[in-house]
Colleague: 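Could you have a look at this structure, given as structure tokens, before my questions?
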Amino acid sequence: MHTPVSRKLVNESYLVFASMQEQKAMQEDKTINRAQLLKFSRNYRSIIRSCLLELQNTSEGIDADVAIHNESQMQLYSIMDLVWSLCEIIFIENLPGGVILLRMVEWCKWNFPLVDDLVRSCMSSRDNLPYQHPEYWNAVTALVLQGRLAEARDLLKLHPEFQVQVYDSYSCMDELLRKMPVFSYHQGQSISEFEIKWQHWQAECVKRLKDGDFDTKPELKTICRILTGDNEVLTEVSHLCGNWYQMLVTYLLYNNPTTKVYDLYYHSQVCIQMCNSHSEWGALDNILLAVCAFDIDRVIRECCEHLSNWWLPAHLSDLLNASGLVPADAEKNQVEIELQEILIVRFAESLMSLESYWNVVAGYLANCGPLSQQYLALFVQRITLTSEKKASKVLRLCEKHNLNDEAQSICRQLCRQALREKRHGDALSWCIKLKDSSLAMYIADEMLSVYAKTGVFPNIDLIDYLGSSVLVSERLTFLGKYRDFHKLHANKEYKEAGYLLLNLLISKIAPLEFWPSLIMDCLLLLSKEDLIYGVEETTNLLSCLNTLDQKKKVLEKFSETEKNNHLKRMQHLRVALTNNLAKAIVS
């Protein structure tokens with residue numbers, strides 16, 4: 001899952017998966033209708049095919065080690081495409097008898113290009129005489145085995161003996177291939193009508209064979225025996241099919257073209273016997289045989305056991321469960337749900353080693369089953385927060401899925417990190433999201449401490465936009481009000497600013513350690529020509545100053561120089577308050 005092609009598979013298939021979950025959420029029974037399900041299935045399959053083509057295009061001009069890895073990846077994607085496409089035909093499309101064989105002929109054509117290689121080899125012969133190529137008759141026979149009769153006729157016409165006489169063996173074979181009936185379901189043809197035509201056609205093939213029309217041409221005789229559905233000759237040419245599932249298409253084509261889905265397993269056994277000596281039994285055989293047996297549980301189990309990653313079983317299981325093919329029995333249905341949950345969790349776990357997949361992993365865990373919220377909560381706790389942008393995304397995820405405890409943990413973690421780095425504004429913003437009053441008080445005290453020492457508020461803009469968030473803590477309320485005082489003073493609204501400052505002192509919401517800075521702001525107002533404070537207000541300010549004189553510990557955190565400066569300023573303030581009191585009494 002670390003290669004670029006695998007990243008493409010993961011990211012694009014997750015979009016399809018997420019879209020499916022939205023569609024299921026809209027349905028009460030969590031199922032999706034056939035048309036939509038087929039659309040999702042084809043989207044998955046197009047992603048697999050795109051990844052496979054990309055691997056094939058990048059396989060040239062690379063070193064040996066990468067080539068070996070690419071080869072194994074192409075083999076895996078080919079198997080995934082092969083299995084998924086057959087599952088789509090048998091499980092999803094729900095085709096009637098006769099039509100399913102037509103789809104399997106297409107499946108065979110697109111997934112087994114050996115026939116095309118033979119034809120290409122003949123057509124590219126050195127003397128441009130395809131019929132002289134040693135593989136010419138194998139190519140014609142292989143085309144007939146795959147049901148590609150029009151192409152077989154075209155290749156036969158390249159033989160110089162074709163139509164030398166008015167009516168010979170070649171013309172006879174061309175006629176039989178041309179007349180083979182094809183089921184036209186979409187044109188309203190009935191099964192019985194097609195079967196009658198097909199039986200008449202095959203009876204004609206048998207008659208031509210018995211009449212000895214092809215006795216002089218053994219290759220054409222072999223092809224005619226194939227058309228009659230002769231199992232003996234099918235066994236003889238099984239090496240051109242290569243495996244039993246290709247032979248299955250041929251066998252049905254010339255023995256039972258109107259077969260139904262539930263008969264595929266029986267016919268598969270016959271084809272396995274035919275191809276037993278030509279191929280070794282492998283993992284892919286187990287999977288495809290389970291598909292032909294219409295055994296969904298076994299298909300998923302075989303995929304889990306034999307494939308090297310969890311992508312196919314996880315997504316295929318999710319798709320088939322959404323089709324409503326799960327057992328109606330409540331107990332079995334519960335087992336299916338648990339299995340699907342395990343598969344999606346396993347696939348998500350396989351992606352966790354790459355940090356860039358965290359969002360995709362979260363999406364899968366959020367939709368894995370009844371325990372999705374618990375899985376998601378455990379995963380969120382493990383996400384490494386490398387930036388505040390990523391942290392914001394994780395918080396939105398927590399908010400979407402009601403993971404309140406995890407969201408608070410993230411905010412607390414980021415808040416403490418910002419405090420360690422002396423970023424008080426960032427710390428305060430995370431604290432407000434956290435709604436932790438004690439932590440908010442601590443941060444506000446830190447900001448006030450910075451102001452007391454430097455005369456400058458850190459992150460003053462943030463304080464302007466606190467709004468109702470100031471109610472989280474008394475300290476934040478004080479910060480907001482104190483900022484309002486500075487704005488009123490800057491706007492030359494001195495009387496309003498003076499009364500606000502006095503209320504801050506009288507209400508005692510300001511920490512006592514900040515009183516020296518707060519009360520010294522009165523000097524800015526007492527120096528104005530207009531009288532700001534009356535007798536009562538000035539008396540209250542003198543009382544606050546006397547209280548501060550009695551609290552000597554307030555100045556202990558300052559250096560000796562700072563302490564002396566504060567004492568001198570307080571003496572100036574006392575004189576200014578006394579003069580203001582006299583002026584107020586006179587006025």
Side-chain angles (χ1 to χ4, degrees), residues 1 6 9-49 51 77 79-94 287 290-291 294-307 309-328 332-352 357 359-376 379 401:
M1 290 301 174
S6 297
L9 175 73
V10 170
N11 291 319
E12 293 190 11
S13 59
Y14 170 67
L15 297 177
V16 181
F17 176 82
S19 181
M20 267 193 65
Q21 307 317 306
E22 291 177 5
Q23 199 67 242
K24 284 197 291 186
M26 296 168 62
Q27 308 296 327
E28 291 184 6
D29 57 356
K30 304 298 180 184
T31 60
I32 303 176
N33 64 55
R34 292 279 177 179
Q36 290 176 322
L37 206 64
L38 187 58
K39 178 182 175 183
F40 287 125
S41 178
R42 287 174 177 169
N43 285 340
Y44 278 127
R45 195 154 54 85
S46 67
I47 293 168
I48 300 172
R49 176 66 65 171
C51 292
Y77 281 102
I79 291 173
M80 287 163 58
D81 183 38
L82 189 67
V83 172
W84 193 290
S85 54
L86 187 61
C87 287
E88 183 181 291
I89 293 169
I90 294 178
F91 296 134
I92 306 299
E93 292 193 30
N94 194 27
I287 297 171
V291 177
F294 210 87
D295 190 342
I296 294 176
D297 291 341
R298 187 178 161 199
V299 171
I300 300 302
R301 188 169 64 250
E302 293 288 348
C303 288
C304 293
E305 186 175 343
H306 296 296
L307 297 183
N309 67 51
W310 294 94
W311 186 92
L312 183 65
H315 291 84
L316 186 59
S317 171
D318 181 64
L319 186 80
L320 296 178
N321 273 278
S323 69
L325 293 173
V326 293
K332 289 185 178 179
N333 191 28
Q334 182 62 30
V335 172
E336 290 292 330
I337 293 172
E338 291 175 0
L339 174 62
Q340 182 184 350
E341 181 178 281
I342 291 169
L343 290 173
I344 293 177
V345 171
R346 286 278 184 258
F347 176 64
E349 283 180 347
S350 70
L351 304 178
M352 288 182 187
Y357 281 146
N359 202 13
V360 172
V361 173
Y364 279 107
L365 293 179
N367 294 284
C368 66
L371 299 178
S372 58
Q373 192 163 18
Q374 289 90 321
Y375 283 120
L376 184 59
F379 173 67
H401 297 284

Colleague: Of all residues at least two apart in sequence or in a different chain, which pass the ring pair (Phe, Tyr, Trp, His ring centres under 6.0 Å) check with Phe379?
Modeller: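 Counting only residues at least two positions away or on another chain, Phe379 forms no ring pair (Phe, Tyr, Trp, His ring centres under 6.0 Å).
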Colleague: Does some side-chain heavy atom of Ile344 sit less than 4.5 Å from a side-chain heavy atom of Asn367?
Modeller: no
Colleague: Just verifying a value: how many Å separate Leu316 CG and Ile296 CD1, rounded to the nearest 0.5 Å?
Modeller: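 Between Leu316 CG and Ile296 CD1, I get 8.5 Å after rounding to 0.5 Å.
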Colleague: To the nearest 0.5 Å, tell me how far Ile287 CD1 sits from Cys304 SG.
Modeller: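 Here the interatomic distance stands at 9.5 Å.
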Colleague: Quick one: closest heavy-atom pair of Phe17 and Gly363, and the distance?
Modeller: CE2-O, 4.2 Å
Colleague: When rounded to the nearest 0.5 angstrom, what distance separates CG in Leu319 from CG in Asn43?
Modeller: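 Answer rounded to 0.5 Å: 10.5 Å.
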Colleague: Between His315 and Tyr44, how do the two ring planes meet: parallel, tilted or perpendicular, split at 30° and 60°?
Modeller: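 Aromatic pair His315/Tyr44 classed perpendicular.
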Colleague: Do Val299 and Cys87 have side-chain heavy atoms sitting under 4.5 Å apart?
Modeller: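 The answer is yes, as the side chains (C-beta and beyond) meet within the 4.5 Å cut-off.
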Colleague: Check side chain to side chain contact (heavy atoms under 4.5 Å, CB included) between Ser317 and all other residues, then give those that pass, not counting sequence neighbours.
Modeller: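 So Ser317 forms a side chain to side chain contact (heavy atoms under 4.5 Å, CB included) with Ile300, Asn321, Gln340, Leu343.
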Colleague: What pairs meet the salt bridge (charged side-chain N to carboxylate O under 4.0 Å, His left out) rule with one or both residues in residues 311-324, with sequence neighbours excluded?
Modeller: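 Passing the test, one end in residues 311-324: Lys24-Asp318.
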Colleague: Enter the distance from Leu307:CG to Met80:CE here, rounded to the nearest 0.5 Å.
Modeller: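 Here the rounded value is 7.5 Å.
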Colleague: Suppose we screen for ring pair (Phe, Tyr, Trp, His ring centres under 6.0 Å). Which residues come up paired with Tyr14, at least two apart in sequence or across chains?
Modeller: Tyr364
Colleague: Could you pull out all residues at least two apart from Glu341 that satisfy side chain to side chain donor-acceptor pair (under 3.5 Å)?
Modeller: none
Colleague: Any chance you could measure Leu365, atom CG, to Met352, atom CE, to the nearest 0.5 Å?
Modeller: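 So the gap between those two atoms works out to 5.0 Å.
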Colleague: SG of Cys51 to CD1 of Ile47: how many Å apart, nearest 0.5 Å?
Modeller: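 So the SG of Cys51 and the CD1 of Ile47 are separated by 7.5 Å.
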Colleague: Can you name the side chain to side chain contact (heavy atoms under 4.5 Å, CB included) partners of Asp81, sequence neighbours left out?
Modeller: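 Asp81 satisfies side chain to side chain contact (heavy atoms under 4.5 Å, CB included) with Arg45, Ile48, Arg49, Asn111 once adjacent residues are dropped.
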Colleague: Going by the rule salt bridge (Lys or Arg N to Asp or Glu O under 4.0 Å), which residues pair with Glu349 if we only count those two or more places apart in sequence or in a different chain?
Modeller: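 Glu349 satisfies salt bridge (Lys or Arg N to Asp or Glu O under 4.0 Å) with Arg346 only.
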Colleague: Is there a side-chain contact between Asn309 and Phe347 in this structure, where contact means two heavy atoms from C-beta onward sitting under 4.5 Å apart?
Modeller: no
Colleague: As a quick check of understanding, evaluate side-chain contact (heavy atoms from CB on, under 4.5 Å) for Val291 and Phe91, giving each step before the final call.
Modeller: CA-CA 8 Å; Val291 177; Phe91 296 134; 4.1 Å; yes
Colleague: Grab the two heavy atoms, one from Gln373 and one from His401, that are nearest each other, plus how far apart they are.
Modeller: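 Distance-wise, the nearest heavy atoms are NE2-O, 2.7 Å.
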Colleague: Between Ser323 (side chain only) and Leu320 (backbone N and O only), is there a donor and an acceptor less than 3.5 Å apart?
Modeller: yes
Colleague: Do the non-hydrogen side-chain atoms of Ser13 and Trp311 ever get within less than 4.5 Å of each other?
Modeller: yes
Colleague: Excluding sequence neighbours, so at least two apart, what forms side chain to side chain donor-acceptor pair (under 3.5 Å) with Asn33?
Modeller: Gln36
Colleague: Restricting to non-hydrogen atoms, name the atom on Ala348 and the atom on Val361 that form the minimum distance, rounded to 0.1 Å.
Modeller: O-CG2, 3.7 Å
Colleague: Suppose we screen for side chain to side chain donor-acceptor pair (under 3.5 Å). Which residues come up paired with Trp310, at least two apart in sequence or across chains?
Modeller: none
Colleague: For Arg34, which residues count as a side chain to side chain donor-acceptor pair (under 3.5 Å) partner, sequence neighbours excluded?
Modeller: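 With sequence neighbours excluded, Arg34 shows a side chain to side chain donor-acceptor pair (under 3.5 Å) to no residue whatsoever.
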Colleague: With sequence neighbours left out, what residues match Asn359 under side chain to side chain contact (heavy atoms under 4.5 Å, CB included)?
Modeller: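 Counting only residues at least two positions away or on another chain, Asn359 forms no side chain to side chain contact (heavy atoms under 4.5 Å, CB included).
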